[in-house]
Amino acid sequence: MKKFNRLEITTQDRVGMTYKVLEVFYKNDLSIDSLEVFPNKFCVKFKMIDSKLKGILLEELYRVDGIISIEETKLLSYEINEKKLFATIDSVDKGIIAVNKSFEIEIFNYYCEQYFNMKKDKILGQDIRTLFYDKPNIIELIEEGQEFENVKLKIKNDKGENLYLVSLKAISDDDNKIHGFVISIKDFDDAMKIANAVLQSDEGAFREIIGNSPKIDKVKKMILAVAKSSSTILLRGESGTGKELFAKAIYKLSDRNNKKFVILNCAALPDNLIESELFGFERGSFTGALTGKEGLFKVANGGTLFLDEVGELSMTMQAKLLRVLQDGTIRKIGGTEEEQVDVRIIGATNRDLEKMIENNEFRRDLYYRLNVMPIYIPTLKERIEDIPHLVNYFINELNVKLGKNIKHADSEFLKHLMNYEWKGNVRELKNVIERSMLLCSGSILNRDDIVVDSRKAIDFKSNNRIFNSGDRLKDIVERVEIKVIQEVLQDSKSIRKAAKKLGVSHTTMINKINKYNLN
């Protein structure tokens, strides 16, 4: 192992001091291994020399006008930071492999040594492809520099064959030129334990709500704030935004989650059937009523009743629903006795209720009863940065249904999806992903697999907001990030408040602002 001398040289703040110091080393035929330059200070690392030559070097350095002091040091700043980095990498609970652009392994942490049963001094400098020699799909992705997340992979060692989740992140410069990548490896069983723990937490209630855009995070925070109350909630938003998923999240986070969660689609049934479904009926109350039946209000007693498409109720049914909301009593069709029920109502609609009130199509008094806590569910085009997450989620979900083994979608596929209008929101996106997977003959979704229906492909020119042909996904995401940060900064009036809204640290927000010149 090579040994080195290290000197910390403090100087006056003068132009040309670096050149004068380097000149002394050059005259003594000493090759510098590393050089750090700071205001009024140099740190130099060079091959170890004997005490006599060191004395000559120090004497000549002190003759340089402007040098104040010279001290020996054990490590340069970058070496300290490097040791901290490697210690951190070794301490994380997953395997980390860093690879340069020539596919040579440069970092192979402690957990990788355990996974592969290999010592890092034997593997450093080796071609990463030799590590996955029996995994052609992984090698193909590595050679393409294609990023992927949580691909299941079996790895053999002397302890047998275990299942892992493998992800790859590219290392790119400002011009998007790839200089290498980082591979992370997690034990599948450990990941499942963590996932199960999450499912038992508040965050677990949102496991089917995919995305972490600012607007979705805002909805989640509102739900967390009101879920444990008994207040009536009205979910507003376009068709296909997933209002039922949010209703289920409210139920799971409520104190009523040990009781029933009952769903009724108000647009799917005529008035007479809706009434019998909600309130129940007595035997003989109408033709065909050979037995009695409990209504959904009674079934959901103590729990939650989700009334989807509540804006589709007739004025007659609106009046009947209003009475339940006012005094909490119901009466079966054909019955004579009132029954008290304790039901938390969550309504949902894509209709403009305010306009319906003006047109005498919706009761104003019912509107105020339902609209105690309105929550607006954003459209997909308002949270396009969530599309890559949604695509990965649907691929994993639909692989089972379709009997496919699609690994991921390429950047062109994602770019085009992010540049589409999505009038059908998340529901339309899922349908497009399913069609694409049916058409895909390989393991990676690409641009040619995208079809809206059997008659035409998606018209991606319908929305030219911030994307251009030929852009990389990284560029697209950065533009979205800039737009989101600008909007939040404008609304928040301060960097600290904006950082809090976006769920990042104050330092991260400042770095983002500086990176994108948003001052």
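Throughout, numbering of the chain's residues begins at 1 and tracks the sequence. Since the model is a prediction, treat every value here as computed from it, not as a measurement.
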Asker: Between Lys512 and Glu481, is there a side-chain N and carboxylate O pair less than 4.0 Å apart?
Answerer: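 Looking at Glu481 together with Lys512, the answer is yes, because their closest N to O distance falls below 4.0 Å.
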Asker: So do the side chains of Trp422 and Leu417 get within less than 4.5 Å of each other, counting heavy atoms only?
Answerer: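 Contact flag for Trp422/Leu417 side chains = yes.
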Asker: Report the distance from atom CG of Leu414 to atom CZ of Arg447, rounding to the nearest 0.5 Å.
Answerer: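 Between Leu414 CG and Arg447 CZ, I get 12.5 Å after rounding to 0.5 Å.
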Asker: Under the 3.5 angstrom rule, does the side chain of Asp327 hit a backbone N or O of Thr329 as a donor-acceptor pair?
Answerer: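 Looks like yes, one N/O pair under 3.5 Å.
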Asker: Measure from the side-chain N and O atoms of Lys228 to the backbone N and O of Leu253, and report whether any donor-acceptor pair falls under 3.5 Å.
Answerer: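 It does hold such a pair.
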Asker: Where is the tightest heavy-atom contact between Met437 and Phe394, given as atom of each residue plus distance?
Answerer: SD-O, 4.4 Å
Asker: Mind checking whether Arg427 and Ser239 have side chains closer than 4.5 Å, heavy atoms only?
Answerer: yes
Asker: Would you check, one step at a time, whether the test side-chain contact (heavy atoms from CB on, under 4.5 Å) holds for Ile330 with Leu278?
Answerer: CA-CA 9 Å; Ile330 61 169; Leu278 284 176; over 6 Å; no
Asker: Is any side-chain heavy atom of Lys215 less than 4.5 Å from a side-chain heavy atom of Val219?
Answerer: no
Asker: Closer than 4.0 angstrom, basic N to acidic O: yes or no for Lys332 and Glu294?
Answerer: yes
Asker: Counting C-beta onward and ignoring hydrogens, is there a side-chain heavy-atom pair between Leu398 and Tyr393 closer than 4.5 Å?
Answerer: no
Asker: For the atom pair CG (Leu307) and CD1 (Ile274), what is the distance rounded to the nearest 0.5 Å?
Answerer: 9.5 Å
Asker: To the nearest 0.5 Å, what is the distance between CD1 (Ile406) and NZ (Lys404)?
Answerer: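 It comes to 5.5 Å.
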Asker: Take Lys94 and Ile185, measure what side-chain contact (heavy atoms from CB on, under 4.5 Å) needs, and give me the verdict at the end.
Answerer: CA-CA 6 Å; Lys94 65 170 71 173; Ile185 304 170; over 6 Å; no
Asker: What's the spacing between Cys266 SG and Gln318 CD if we round to 0.5 Å?
Answerer: 10.0 Å
Asker: Run the numbers on Glu244 and Lys248 for side-chain contact (heavy atoms from CB on, under 4.5 Å), then give the verdict.
Answerer: CA-CA 6 Å; Glu244 184 176 325; Lys248 287 180 179 177; 3.4 Å; yes
Asker: Apply salt bridge (Lys or Arg N to Asp or Glu O under 4.0 Å) to Lys423 and Glu428, showing your working.
Answerer: CA-CA 8 Å; Lys423 294 180 180 179; Glu428 183 184 7; over 6 Å; no
Asker: Ignoring hydrogens, what is the shortest heavy-atom contact between Ile384 and Met418? Give both atom names and the distance.
Answerer: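 Heavy atoms only, the tightest pair is O-CE, 3.6 Å.
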Asker: Does Asp386 reach the main-chain N or O of Asn212 with its side chain, forming a donor-acceptor pair under 3.5 Å?
Answerer: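 Looks like yes, one N/O pair under 3.5 Å.
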Asker: Are any side-chain N or O atoms of Asn109 and backbone N or O atoms of Ile96, one a donor and one an acceptor, separated by less than 3.5 Å?
Answerer: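 Pair found, side chain donor or acceptor close to backbone of Ile96.
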Asker: Suppose we screen for ring pair (Phe, Tyr, Trp, His ring centres under 6.0 Å). Which residues come up paired with Phe297, at least two apart in sequence or across chains?
Answerer: Phe279
Asker: Is it true that Glu397 and Lys430 have a side-chain N and a carboxylate O under 4.0 angstrom from each other?
Answerer: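 So Glu397 pairs with Lys430 through a salt bridge.
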Asker: Can you pull the side chain to side chain donor-acceptor pair (under 3.5 Å) pairs that have at least one residue in residues 274-284, sequence neighbours excluded?
Answerer: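 Listed by first then second residue: Glu275-Lys320, Glu277-Lys293.
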Asker: Taking all heavy atoms of Ile216 and all of Gly211, pick out the closest pair and write down the distance.
Answerer: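 Shortest heavy-atom separation between Ile216 and Gly211 comes out as CG2-O, 3.7 Å.
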Asker: Looking at Val324 and Val341, what are the two nearest heavy atoms and their distance?
Answerer: CG1-CG2, 4.5 Å
Asker: Hey, does Val299 have a side-chain heavy atom less than 4.5 Å from the side chain of Leu305?
Answerer: no
Asker: Between Leu438 and Asp449, is any pair of side-chain heavy atoms under 4.5 Å apart?
Answerer: no
Asker: Is the closest basic N to carboxylate O distance between Glu309 and Lys243 below 4.0 Å?
Answerer: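 Salt bridge: no.
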Asker: Applying ring pair (Phe, Tyr, Trp, His ring centres under 6.0 Å), can you list everything that pairs with Phe261, at least two apart in sequence or on another chain?
Answerer: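 So Phe261 forms a ring pair (Phe, Tyr, Trp, His ring centres under 6.0 Å) with Tyr251.
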Asker: Roughly how far, to the nearest 0.5 Å, is CG of Asn446 from OG of Ser436?
Answerer: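 Answer rounded to 0.5 Å: 9.0 Å.
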Asker: List for me each residue that meets ring pair (Phe, Tyr, Trp, His ring centres under 6.0 Å) alongside Tyr111, sequence neighbours excluded, and say none if there are none.
Answerer: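 Testing Tyr111 for ring pair (Phe, Tyr, Trp, His ring centres under 6.0 Å), a comparison that skips the adjacent residues, returns none.
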Asker: Identify the two heavy atoms, one from Leu445 and one from Cys440, that lie closest to each other, and give their separation to 0.1 Å.
Answerer: CD2-CB, 3.7 Å
Asker: With sequence neighbours excluded, tell me which residues meet side-chain hydrogen bond (donor to acceptor under 3.5 Å, both in side chains) with Glu434.
Answerer: Lys401
Asker: What's the separation between atom CD1 in Ile178 and atom CD1 in Ile171, rounded to the nearest 0.5 Å?
Answerer: 10.0 Å
Asker: Ion pair present between Glu412 and Lys415, side-chain N to carboxylate O less than 4.0 angstrom?
Answerer: yes
Asker: More than 12 heavy atoms of other residues, nucleotides or ligands under 6.0 Å from NZ of Lys218: yes or no?
Answerer: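 Atom NZ in Lys218 is not crowded, with 12 or fewer foreign heavy atoms closer than 6.0 Å.
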Asker: Quick one: does any side-chain atom of Thr241 pair with a main-chain N or O of Gly237 as donor and acceptor, under 3.5 Å?
Answerer: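 No, Thr241 side chain to Gly237 backbone: no donor-acceptor pair under 3.5 Å.
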Asker: Are Ile107 and Phe86 packed together at the side-chain level, in the sense that at least one heavy-atom pair is separated by less than 4.5 angstrom?
Answerer: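 The answer is yes, as the side chains (C-beta and beyond) meet within the 4.5 Å cut-off.
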Asker: Does this structure show an ion pair linking Glu339 with Lys298, if we count only N-O contacts that are shorter than 4.0 Å?
Answerer: yes
Asker: Is it the case that more than 12 heavy atoms not belonging to Lys259 sit under 6.0 Å from its NZ atom?
Answerer: no
Asker: Here's a test for you: under side-chain contact (heavy atoms from CB on, under 4.5 Å), which of Val310, Thr304, Asp308 qualifies with Phe306?
Answerer: Asp308
Asker: Given 3.5 Å as the limit, does a donor-acceptor pair link the side chain of Arg344 with the main chain of Ser231, or not?
Answerer: yes
Asker: Atom CD of residue position Glu337 - does it have more than 12 heavy atoms of other residues, nucleotides or ligands inside 6.0 Å?
Answerer: no
Asker: I'd like to know if Asp342 and Arg256 make a salt bridge, using a cut-off of under 4.0 Å between side-chain N and carboxylate O.
Answerer: yes
Asker: Is Glu338 paired with Arg323 through a side-chain N to carboxylate O contact shorter than 4.0 Å?
Answerer: yes
Asker: At their closest point, which heavy atom of Leu245 faces which heavy atom of Ile209, and how far apart are they?
Answerer: O-CD1, 4.1 Å
Asker: Within the 3.5 Å criterion, strictly below it, is a donor on Thr232 or Arg369 matched to an acceptor on the partner's side chain?
Answerer: no
Asker: Decide whether Glu238 and Asn425 meet the rule of one side-chain donor and one side-chain acceptor closer than 3.5 Å.
Answerer: yes
Asker: Less than 4.5 Å apart, side chain to side chain, heavy atoms only: is that true for Ile346 and Ile250?
Answerer: yes
Asker: For Leu234, run the side-chain contact (heavy atoms from CB on, under 4.5 Å) check against Ile375, Leu353, Val372 and tell me which one passes.
Answerer: Leu353
Asker: Once side-chain contact (heavy atoms from CB on, under 4.5 Å) is applied, do any residues pair with Tyr110, and if so which ones, sequence neighbours excluded?
Answerer: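 Tyr110 satisfies side-chain contact (heavy atoms from CB on, under 4.5 Å) with Asp90, Glu113, Gln114 only.
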